[in-house]
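See below for the structure under consideration.
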Amino acid sequence: MTAVKTEILKKVTASFSITGDYLDGAPYGSGHINDTFAVRVSQAGREVRYILQRINNHVFKDPVRLMDNVSRICDELQKRLHSTGDPDASRRSLTAIPTREGYPCHIDEEGEVWRAYLFIENAVGYDIIENTTQAYEASRAFGEFQKLLTELPGDRLYETIPGFHDTPSRFNRFKEVLAADPMGRASTAGAEIDFFLSYENEVSRLLDLSSQGLIPERITHNDTKLNNVLIDTVSHKAVCVIDLDTSMPGLAPYDFGDLVRTSTVQAAEDEKDLSRIVVNRDMFKALARGYLSTAHDFLTPHERDNLVFGGKLMTYEVGMRFLTDYLEGDVYFKTKYDDHNLVRCRTQKTLVQRLEELKDEFDDYVFETAEALR
Ligand code: ADP
Ligand code: GN1
Ligand code: MG
């Protein structure tokens, strides 16, 4: 993250329809893509927080169209939540604040694109899963997110990153970068490269089922890592799904899959001690129960039968993306040290192996849980 001075945050805050006196602002959260800040404003003596984000325009080529998706999704969520009389509706979806001129984002003198959201208070996102309540709640919330968006009116949502979960395209890109080896790093990642190359015959499974009409396109979140859902600090219920930048057409197993990747192991995504990459069966079961509690009504049998595979595929895919980024010189994900992406890749590789060992047991559990809900 390029450092952002507090005067800049103050100026950017002033460009949004935010009233009151600016107090301060600081980097916030642990996302890998955008630059996120929490700013504090005094409104008639009451401190109010906002989230300001500098959208990564290397990753998102058209932030204005992206914000159009976000507004449509948030409006629909609010409409649906209000219609059920939810007393906490305003905390249950993001609310973007327009600029003073009424635009969804602000473009600063350097061409950087900013947006502002109401800060959702008394709720936090977890980087590492702590208990099965969190697993159940996170998964229930992402299932509900899909459910509430099944009838979104209007055109197909804009694809903010084309081919985001097109694993075969990502596989080809990995091979291209590997062949070019621009940083001369391939020799330091031989075992990882061989591992990711060896899955060629599995990378297109979900897209093949989709093109055969067996798995439908839906509006999915596509980045369902655990810290992209905020959980109430008092009730421990999931409050709000956040990070809607990749919410767009996708397949249900992608969303369940990234939950499996990020919520079944009680270790960090960049854990170096691979003996700590142990899949907690109870976390998986809570995820399955939570997701099916909200998604069971609309899931087709093929979607349901591929949820567990989604976990392996999403873990494989992001592991390969970390490896590709390592080979390319760390141009996509934020990194904290030289081989950070390689370390992340190794963790994902280990998790793919662990998930393969549990595949049959997990498939059976999903099947039985879904049958019990019929
Ligand atoms: P990234 O795409 O970089 O992951 P996110 O949109 O996920 O960015 O935001 C980064 C972090 O900021 C989140 O993990 C969460 O902790 C926090 N955050 C984002 N939006 C809000 C919000 N509206 N209210 C409270 N916290 C938020
Ligand atoms: C990124 O934005 P964040 O940190 O929630 C990435 C995901 C990866 C994830 C790995 C737009 O998610 O696809 O799975 O890192 N988001 C984008 O932690 O590429
Ligand atoms: Mg995030």
Side-chain angles (χ1 to χ4, degrees), residues 1 25-40 48-61 63 66-67 69-70 74 90-97 114-128 138 142 159-167 170 220-233 239-248 250 254-255 257-263 265 268-271 310-311 313-325 331-336 340-341 343-345 347-348 351:
M1 181 190 307
Y28 191 80
S30 54
H32 293 344
I33 303 295
N34 297 306
D35 295 332
T36 303
F37 304 87
V39 298
R40 289 189 317 143
V48 179
R49 291 201 284 181
Y50 293 89
I51 286 284
L52 274 196
Q53 277 183 324
R54 185 164 60 179
I55 302 177
N56 183 328
N57 52 11
H58 168 68
V59 167
F60 300 109
K61 305 296 177 205
L66 180 155
M67 285 308 288
N69 278 7
V70 171
C74 293
S90 73
R91 229 164 50 107
R92 302 221 22 228
S93 83
L94 286 174
T95 305
I97 299 165
W114 295 81
R115 69 177 159 213
Y117 285 124
L118 291 185
F119 194 106
I120 295 165
E121 295 289 354
N122 307 317
V124 286
Y126 293 88
D127 288 336
I128 301 180
F142 280 114
E159 285 190 51
T160 57
I161 301 179
F164 189 56
H165 287 312
D166 183 336
T167 324
R170 292 204 178 267
T220 47
H221 183 280
N222 298 306
D223 188 3
T224 57
K225 69 194 231 192
L226 180 66
N227 67 15
N228 283 332
V229 57
L230 302 181
I231 297 185
D232 192 289
T233 48
V239 178
C240 183
V241 164
I242 60 165
D243 202 347
L244 306 180
D245 298 338
T246 54
S247 295
M248 57 184 170
Y254 298 157
D255 281 2
D258 213 53
L259 279 162
V260 171
R261 179 180 80 82
T262 56
S263 314
V265 175
E269 182 178 63
D270 54 1
E271 173 60 57
L313 190 72
M314 289 299 98
T315 310
Y316 168 86
E317 184 186 271
V318 83
M320 179 171 65
R321 291 172 62 199
F322 287 143
L323 180 55
T324 307
D325 201 31
V331 293
Y332 187 93
F333 295 103
K334 287 181 186 170
T335 50
K336 293 199 173 115
H340 199 169
N341 273 316
V343 166
R344 289 170 173 151
C345 159
T347 314
Q348 308 312 301
L351 180 53

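As the structure lists them, so they are numbered: ligands from 1, and atoms in each ligand from 1. Scope of the values below: all heavy atoms of this structure, side chains included, with no hydrogens, waters or symmetry mates.
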(message) Is a donor from one side chain sitting under 3.5 angstrom from an acceptor on the other, for Asp127 and Ser30?
(response)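 There is such a pair between these side chains.
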
(request) Check whether the side chains of Thr315 and Gln348 place a donor and an acceptor atom closer than 3.5 Å, and report yes or no. (result)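 Distance-only check fails for Thr315 and Gln348.
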
(request) Could you check whether the rings of His32 and Phe333 sit parallel, tilted or perpendicular, using 30° and 60° as the cut-offs? (result)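 Plane angle over 60°, so perpendicular.
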
(request) Measure up the Tyr28 and Phe119 rings against each other and bin them: parallel (under 30°), tilted (30 to 60°), perpendicular (over 60°). (result)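 Perpendicular: the ring planes of Tyr28 and Phe119 meet at over 60°.
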
(message) For a quick check: using heavy atoms under 4.0 Å, what are the residues in contact with ligand 1, sorted by chain and number?
(response)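 The 4.0 Å shell around ligand 1 contains Tyr28, Gly29, Gly31, His32, Ile33, Asn34, Thr36, Ile51, Gln53, Leu94, Tyr117, Leu118, Phe119, Ile120, Asn227, Asn228, Leu230, Ile242, Asp243.
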
Location of contacts on [X] toward ligand 2, heavy atoms closer than 4.0 Å:
| X | answer |
| --- | --- |
| Tyr254 | neither |
| Glu317 | neither |
| Lys225 | side chain |
| Thr262 | neither |

Starting from [atom], what is the nearest protein heavy atom, named by residue and atom, and what distance separates them?
| atom | result |
| --- | --- |
| atom 7 (C) of ligand 2 | Asp223 OD1, 3.6 Å |
| atom 19 (O) of ligand 2 | Tyr332 OH, 2.5 Å |
| atom 15 (O) of ligand 2 | His32 CD2, 3.4 Å |
| atom 1 (C) of ligand 2 | Ile33 CG1, 3.8 Å |
| atom 10 (C) of ligand 2 | Glu269 OE2, 3.2 Å |
| atom 13 (O) of ligand 2 | Arg321 NH1, 2.8 Å |

(request) Heavy-atom contacts with Asn228 under 4.0 Å: which atoms of ligand 2 show up? List them by number with element. (result)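 The list of qualifying atoms is 5 (O).
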
(request) Measure distances from the Mg ion (ligand 3) and count the protein N, O or S atoms below 2.8 Å. (result)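 Protein N, O or S neighbours of the Mg ion (ligand 3) under 2.8 Å, waters not counted, come to 2.
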
(message) Between Asp232 and Arg91, does any side-chain N to carboxylate O distance fall below 4.0 Å?
(response)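 Result for this pair is yes, salt bridge flagged.
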
(request) Examine ligand 2 and decide if any of its atoms is less than 4.0 Å from a heavy atom belonging to Asp245. (result)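 Outside the 4.0 Å threshold, so no.
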
(request) Give a yes/no verdict on whether any heavy atom in Met314 is under 4.0 Å from an atom of ligand 2. (result)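 No; Met314 lies far enough from ligand 2 that no heavy-atom distance drops under 4.0 Å.
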
